[in-house]
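In each ligand, atom 1 is the first atom listed, and ligand 1 is the first ligand listed.
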Amino acid sequence: PIVALVLAGGTGTRLYPASRADQPKQFQSFGGDRSLLTRAVERVSFADETYVLTREAFADAVHDHAPEAAVLTEPAPKDTGPALVYAAHRIREQVGDCVLLAVPSDHVVGDGFEAVGRRAAHTAVETEGLVTVGVEPTRPEPGYGYVEPGESREGYETVRQFHEKPDRETATEYVDRGCYWNAGMFAWTPEALLSAARASPLSDLVDALERDEPERGFDAVDPVSVDYAVLERAEGVFVVPADFAWDDLGAWDALARHLPADDDGNAVLGDAVTVDAADNVVATDGHVSLVGVSDLVVASYGDRTLVVPADESQRVREVVARLRDED
Ligand code: GDD
Ligand code: MG
């Protein structure tokens with residue numbers, strides 16, 4: 001069987017202040033009629049079973065947004081590496097033989113996902129490897145992983161090397177060299193992931209899970225994404241190219257690509273007045289007015305307001321880090 005695993009434990013810091021610690025982006029709709037999480041769960045409805053993998057604090061919210069899915073909570077929030085290893089271990093116990101299809105919940109995905117998801121699952125069984133879904137890049141985005149393909153096979157390609165989040169210059173090289181973006185969607189059998197994790201910084205965690213000591217394993221493990229911990233160093237990685245529209249709603253500039261723009265190129269979510277203002281991103285649950293400014297992100301939610309040049313919107317992370325320190 002295909003078991004879908006929807007990842008929903010992230011905190012979405014770069015979409016502050018819409019995304020807050022208690023209400024991160026996957027639970028928000030950003031102008032659509034259903035939340036990102038609800039849409040992610042619907043997208044994998046062809047799977048035989050669906051689990052949402054999240055941190056304990058979000059379990060109730062996940063139930064509300066995805067009542068049909070089973071909720072699996074990892075013992076501690078340590079990023080996607082430990083979370084996915086934990087899920088592989090638990091689902092192998094609960095379901096037995098299966099192939100896992102892990103998908104994020106912070107994406108906008110067009111039609112055609114099912115065929116690619118099925119092909120990725122099939123490839124994972126056939127190769128007994130780790131399968132990622134590759135998207136044709138349209139810009140040198142430093143916020144993504146890059147998949148360098150090797151040989152072409154029937155329906156998939158071998159992977160020469162996986163590179164997580166390069167700097168912009170290196171990303172430009174990868175794009176020129178014909179790398180794919182890693183769509184953050186993975187297929188593997190529980191055995192394949194666990195055996196790759198045994199040869200990674202997550203090996204102690206695998207041991208702890210096998211000794212039935214998940215809490216102790218999670219206490220000891222450093223937070224790390226599955227991309228850095230496993231995929232960058234694994235042998236036997238394969239890529240299935242995607243042909244659907246795809247975008248990660250990572251930061252405010254990404255959201256702007258999905259909002260209707262007014263005649264002056266302002267992307268507006270919520271109630272705003274713009275006078276002589278162009279190419280701004282405005283998002284608010286209140287009311288925002290802009291006069292005579294351009295290329296800004298202005299986001300205002302509750303009692304929090306953020307203003308940042310649109311091309312520096314990744315730097316919101318720095319604000320959130322500072323706010324956390326002051327807590
Ligand atoms: N359960 C759980 N626990 N889920 C988590 C955790 C965690 O600790 N941390 C993040 N997630 C979830 C997020 O909610 C999101 O749905 C997904 O895992 C991916 O996490 P992100 O934090 O959004 O990763 P990213 O966007 O920086 O990078 C990943 O995705 C890119 C494409 O969107 C990488 O896989 C990149 O290589 C990839 O290009
Ligand atoms: Mg993301």
Side-chain angles (χ1 to χ4, degrees), residues 4-15 19 21 23-28 35-41 43-44 51-59 61-62 65-66 69 71-88 90-91 100 102-109 130-148 159 161-166 171 174-175 179-187 202 205 218 221-232 237 239 242 246-251 254-255 314 316-317 320:
L5 201 55
V6 179
L7 287 160
T11 48
T13 44
R14 284 168 299 160
L15 285 176
S19 192
Q23 204 47 240
K25 59 182 169 180
Q26 57 268 34
F27 302 113
Q28 307 207 19
S35 68
L36 296 181
L37 175 60
T38 301
R39 285 185 264 170
V41 170
R43 210 175 291 135
V44 291
Y51 288 80
V52 177
L53 179 61
T54 194
R55 59 178 72 195
E56 190 60 48
F58 300 161
V62 168
H65 288 253
V71 182
L72 185 58
T73 55
E74 65 244 25
K78 295 283 176 105
D79 212 328
T80 55
L84 283 165
V85 163
Y86 178 74
R90 286 289 306 274
I91 290 173
L100 296 168
V103 297
S105 57
D106 57 344
H107 286 179
V108 174
V109 176
L130 307 179
V131 178
T132 158
V133 171
V135 171
E136 210 69 60
T138 52
R139 58 179 191 281
E141 168 63 61
Y144 294 156
Y146 287 77
V147 182
E148 196 175 335
V159 171
Q161 185 57 42
F162 186 104
H163 311 274
E164 180 65 1
K165 296 194 172 68
Y174 292 153
V175 173
C179 293
Y180 293 105
W181 277 338
N182 169 33
M185 302 168 169
F186 306 107
L202 299 173
L205 177 64
F218 267 78
V221 76
D222 290 327
V224 62
S225 77
V226 73
D227 319 279
Y228 285 119
V230 181
L231 288 155
E232 277 200 329
V237 182
V239 60
W246 177 91
D247 204 355
D248 178 336
L249 286 186
L255 186 69
Q314 302 288 333
V316 176
R317 233 190 233 121
V320 176

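- Within the 4.0 angstrom cut-off, atom 24 (O) of ligand 1 has no protein heavy-atom neighbours.
- Closest heavy-atom approach to atom 19 (C) of ligand 1 within the set A40, A87, P104: this belongs to P104.
- Although no hydrogens or angles enter the test, the distance criterion places no donor-acceptor pair under 3.5 Å between the side chain of D79 and the main chain of G81.
- We find the CZ-CG distance between R90 and L72 to be 5.5 Å, quoted to the nearest 0.5 Å.
- Which parts of ligand 1 touch E164 is read off a 4.0 Å heavy-atom cut-off, strictly below it: atoms 34 (C), 36 (C), 37 (O).
- L5 CG to Y51 OH: the interatomic distance, rounded to the nearest 0.5 Å, is 9.5 Å.
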Step by step, would you call T73 with E56 a side-chain hydrogen bond (donor to acceptor under 3.5 Å, both in side chains)? CA-CA 5 Å; T73 55; E56 190 60 48; 3.2 Å; yes
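- When each of T54, L53, L37 is checked for a side chain to side chain contact (heavy atoms under 4.5 Å, CB included) with V6, only L37 meets the rule.
- Considering backbone and side-chain atoms together, G145 places an N or O closer than 3.5 Å to an N or O of ligand 1.
- For atom 3 (N) of ligand 1, the closest heavy atom belonging to the protein is E74 OE2, 2.6 Å.
- At distances below 3.5 Å, at least one donor-acceptor pair connects side-chain atoms of K78 with backbone N or O atoms of F218.
- Draw a line from the Mg ion (ligand 2) to OD2 of D248 and another to OD2 of D106, and the angle between them is 110° (to 10°).
- Between Y144 and ligand 1, no pair of N/O atoms sits closer than 3.5 Å.
- Using a non-hydrogen distance threshold of 4.0 Å, G250 does not register as a contact of ligand 1.
- Remark: the backbone N or O of V226 is paired with a side-chain donor or acceptor of T80 at under 3.5 angstrom.
- Atoms CG and CD, on L7 and E74 in that order, are 8.5 Å from each other to the nearest 0.5 Å.
- Residue-to-ligand polar distances keep R14 apart from ligand 1: every N/O pair is separated by 3.5 Å or more.
- To the nearest 0.5 angstrom, D247 atom CG is 8.0 Å from T138 atom OG1.
- Between Y144 and the options F162, W246, Y180, a ring-ring contact (aromatic ring centres under 6.0 Å, His included) holds for only W246.
- For a threshold of 3.5 Å applied to N or O pairs, the pair formed by G10 and ligand 1 contains at least one separation below that value.
- To the nearest 0.5 Å, atoms NZ (K25) and CG (D106) are separated by 4.0 Å.
- Counting heavy atoms under 4.0 Å from ligand 1, residue W246 touches it through the side chain alone.
- Q161 CD to E232 CD: the interatomic distance, rounded to the nearest 0.5 Å, is 7.0 Å.
- Where the criterion is an N or O separation shorter than 3.5 Å, residue side chain and backbone included, G9 meets it with respect to ligand 1.
- Atom 21 (P) of ligand 1 has its closest protein heavy atom at D106 OD2, 4.3 Å.
- Here is the list of ligand 1 atoms found below 4.0 Å of a heavy atom in T54: 1 (N).
- Counting only non-hydrogen atoms, the option in D227, V133, L53 that gets closest to atom 1 (N) of ligand 1 is L53.
- The residue among T132, T80, L37 with a heavy atom at the shortest distance from atom 20 (O) of ligand 1 is T80.
- Shortest contact from atom 28 (O) of ligand 1 to any protein heavy atom: K165 NZ, 3.1 Å.
- Among all protein heavy atoms, the one lying closest to atom 26 (O) of ligand 1 is D248 OD2, 2.9 Å.
- A ring-ring contact (aromatic ring centres under 6.0 Å, His included) with H163 is found for one member of Y228, W181, Y146, Y174 and no other, namely Y174.
- Heavy atoms from both the backbone and the side chain of L7 come within less than 4.0 Å of ligand 1.
- Of all protein heavy atoms, the one lying nearest to atom 38 (C) of ligand 1 is N182 O, 3.2 Å.
- At a 3.5 angstrom cut-off on N or O pairs, R55 does not count as close to ligand 1.
- For ligand 1, none of its N or O atoms has an N or O atom of K25 under 3.5 Å away.
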